[in-house]
Amino acid sequence: MAYSTKVLDHYNHPRNVGSFAKDEENIGTGVVGAPECGDVMKLQLKITDQGVIEDARFKTFGCGSAIASSSYVTELVKGKRIDEALAIRNTSIVQELNLPPVKIHCSVLAEDAIKAAISDWKKRKGMAPAEEKKSAEG
Amino acid sequence: MLKLPIYMDNHATTRVDPRVVDAMLPYFSEKFGNAASRNHSFGWEAEEAVEKARGQIAAIIGAKSKEIIFTSGATESDNLAIKGVVDFYKDKGNHIVTCVTEHKAVLDSCRALERAGRATVTYLPVDKYGMVDPDEVRKAITDKTVLVTIMFANNEIGTIHPIAEIGKITREKGVVFHCDAVQAIGKVPVDVDRCGIDLMSLTAHKLYGPKGVGALYVRSKGPRVRLTPIIDGGGHERGMRSGTLNVPGIVGFGAACEIAQREMTDEAARLVELRTRLQAGLFERLEDVYLNGHPTERLPGNLNLSFAYVEGESLLMGINDVAVSSGSACTSATLEPSYVIRALGIDEELAHSSIRFGLGRFNTAEEIDFVTERVSGEVKRLRDMSPLYEMAKEGIDLKSVNWKAD
């Protein structure tokens, strides 16, 4: 299978790889996927009290498209308000990275990771949790 | 000089040996006859070449020439053996014994017969090394069993089954024994009499011959095995497989077998040395690498490793100048991780992390060293990017995590 130039670029030069320091504040962490499914994404967002995403980090166990999707998402969310970030749909990831149909689940996982990270941040801030998205054991 | 990309996927297919190409070439041009043309020299010449090849192929498995039936490849041979036996012996019974790690050509032939209501099938499990237990074969055989089909060596993990022991049991029980020996021929000694094999699938392209030509060995004596053909036509190949013979392909298949038989001992020793070098190099540079398959009872050129915390397809992408394959779901047509690796009972995650190195005749020590560096470098890079590696380093038991996945 041939990869798109953008997937290759993100895979070879992933943006914002890593984790924030443990003691850093204002961090929301989302971990989605499962090892037995072959995909696990960890997305961390640093969010100001005003609800603006200042910075992002990711780590991903998964195929090249999963790595590229998470790398792209870290770029996409930076500077956005959380309501804007929550409005990001996987289809825009598919479009940007030119993902083939078999890789659409990678983009879905990346969308889920944004939601999970913001939900975690809200919980830490003592805010009402975002609507629980349905989850199923993988 | 190292030439890129490096081909290390010799279980998928092999490069045609230049000596084989030389043997084949005249049969595309001046010697183009149809081996079934009985009345002129063009036909005789083609027939003579086919019979020579038949002898070369028979020799490498300890069979007689007339026991070799040419086919289009091992998938057809497997289909012919399984469907042909079940149909021919339908008055005797309808039960097949096979194993969960067989090639799809065997498993799907069995499933097709099950769906059609023509057979019931027992799929035997394998141990953690991917080996079937001969005692399990014995226990699975009933008075309705007409066929046992177990591969010689597995195409993914390289494990060699105890074929001679299984053959002893099937002979004792009077059940036909089919063996898909595609990966074993020319790599390890295979002898149909010593192993008690009645039907055996072979293909040229796994032993440095051309694609599109294979054979089915059909035992002629002690006992004589009968089959119903699956392709009807002019009655070629003693009525078992109609169709004009692929003369150049067959000539190449014969030449490939002759070379393999002559060079097998030296080649196997060389491949084991290269494989040991690759395995040792990777284990030295990386932690948490696991061997899939049997530590000793395995094909000389096979090394199947799981690199924990790294997904296989992403690793393949990172080492794009090295051609290997992975058991990862993302590299399969079904989007399921390898059923062979999963059958070993290891963690599912390790199936996604598996890489098959298939070493062959044309690989060099220099290539091994390049691949060692390339793979270990990329595994390290991807582990630095892996949340699983990070969690494992922090002492989190990955099995205790409540994963949420869609």
Side-chain angles (χ1 to χ4, degrees), chain A residues 1-3 7-8 10-19 22 29-44 57-68 70-71 90 100-109 111-113 115-116 119 132-138, chain B residues 288 306-320 325-338 341-342 346-354 377-394 396-406:
Chain A
M1 151 180 16
Y3 302 96
V7 167
L8 284 172
H10 278 281
Y11 172 81
N12 289 318
H13 311 284
R15 334 288 201 253
N16 307 305
V17 178
S19 301
K22 290 263 182 262
T29 303
V31 180
V32 294
E36 63 266 30
C37 302
D39 291 301
V40 176
M41 275 183 200
K42 187 185 87 165
L43 179 68
Q44 290 189 304
R57 294 280 184 277
F58 86 93
K59 281 202 170 186
T60 291
F61 162 81
C63 65
S65 302
I67 290 171
S70 26
S71 167
N90 77 296
V102 293
K103 296 297 183 187
I104 286 174
H105 75 278
C106 299
S107 69
V108 173
L109 211 56
E111 181 191 319
D112 290 349
K115 293 190 165 62
S119 165
E132 276 296 310
K133 68 166 208 68
K134 67 172 168 64
S135 69
E137 293 304 310
Chain B
D288 297 325
S306 283
F307 299 93
Y309 321 120
V310 171
E311 198 276 334
E313 195 208 48
S314 67
L315 181 53
L316 294 192
M317 199 170 158
I319 52 167
N320 56 2
S325 64
S326 168
S328 143
C330 290
T331 59
S332 78
T334 56
L335 292 180
E336 285 288 323
S338 156
I341 308 273
R342 280 191 300 166
I346 62 170
D347 290 347
E348 192 100 335
E349 177 227 325
L350 289 176
H352 290 283
S353 302
S354 70
E378 195 58 25
V379 167
K380 283 178 189 158
R381 184 180 90 95
L382 290 167
R383 280 181 175 173
D384 284 341
M385 226 189 278
S386 167
L388 302 182
Y389 186 62
E390 181 182 66
M391 291 164 95
K393 287 282 120 184
E394 285 169 1
I396 298 169
D397 177 9
L398 296 175
K399 282 190 208 51
S400 70
V401 178
N402 180 23
W403 299 102
K404 286 183 175 173
D406 276 328

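Proteins come first, then strands; the chains are lettered A, B, ... in the order of their sequence lines, and each starts at number 1.
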[X] and [Y]: which non-hydrogen atoms are nearest, and at how many Å?
X: V7(A); Y: M317(B); answer: CG1-CE, 3.7 Å
X: R381(B); Y: P14(A); answer: NH1-CD, 3.7 Å
X: M385(B); Y: I67(A); answer: SD-CG2, 3.6 Å
X: V310(B); Y: F61(A); answer: C-CE1, 3.4 Å
X: S314(B); Y: G64(A); answer: CB-N, 3.9 Å

Exercise for the section: May I ask you to name which of E348(B), H352(B), R383(B) has the most heavy-atom pairs under 4.5 Å with chain A? Expected result: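 Sorted descending by pairs with chain A, the first entry is H352(B).
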Worksheet item: Roughly how far, to the nearest 0.5 Å, is the NZ atom of K59(A) from the CG atom of L388(B)?
Response: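 The distance works out to 10.5 Å.
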Rounded to the nearest 0.5 Å, how far apart are CD of E336(B) and SG of C37(A)?
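If we round to the nearest 0.5 Å, E336(B):CD and C37(A):SG are 9.5 Å apart.
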Practice problem: Go through the steps for K42(A) and E390(B) under the test side chain to side chain contact (heavy atoms under 4.5 Å, CB included), then give the verdict. | Solution: CA-CA 10 Å; K42(A) 187 185 87 165; E390(B) 181 182 66; 2.6 Å; yes
- Message: Counting C-beta onward and ignoring hydrogens, is there a side-chain heavy-atom pair between L382(B) and Y11(A) closer than 4.5 Å?
- Response: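 With C-beta onward as the side chain, the pair touches.
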Highest number of heavy-atom pairs under 4.5 Å with chain B: which of D39(A), V17(A), V31(A)?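 Most heavy-atom pairs within the cutoff with chain B belong to V17(A).
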**Asked** Tell me, side chain or backbone of N320(B) under 4.5 Å from chain A's heavy atoms, or both, or neither?
**Response**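 Neither part, no heavy atoms under 4.5 Å.
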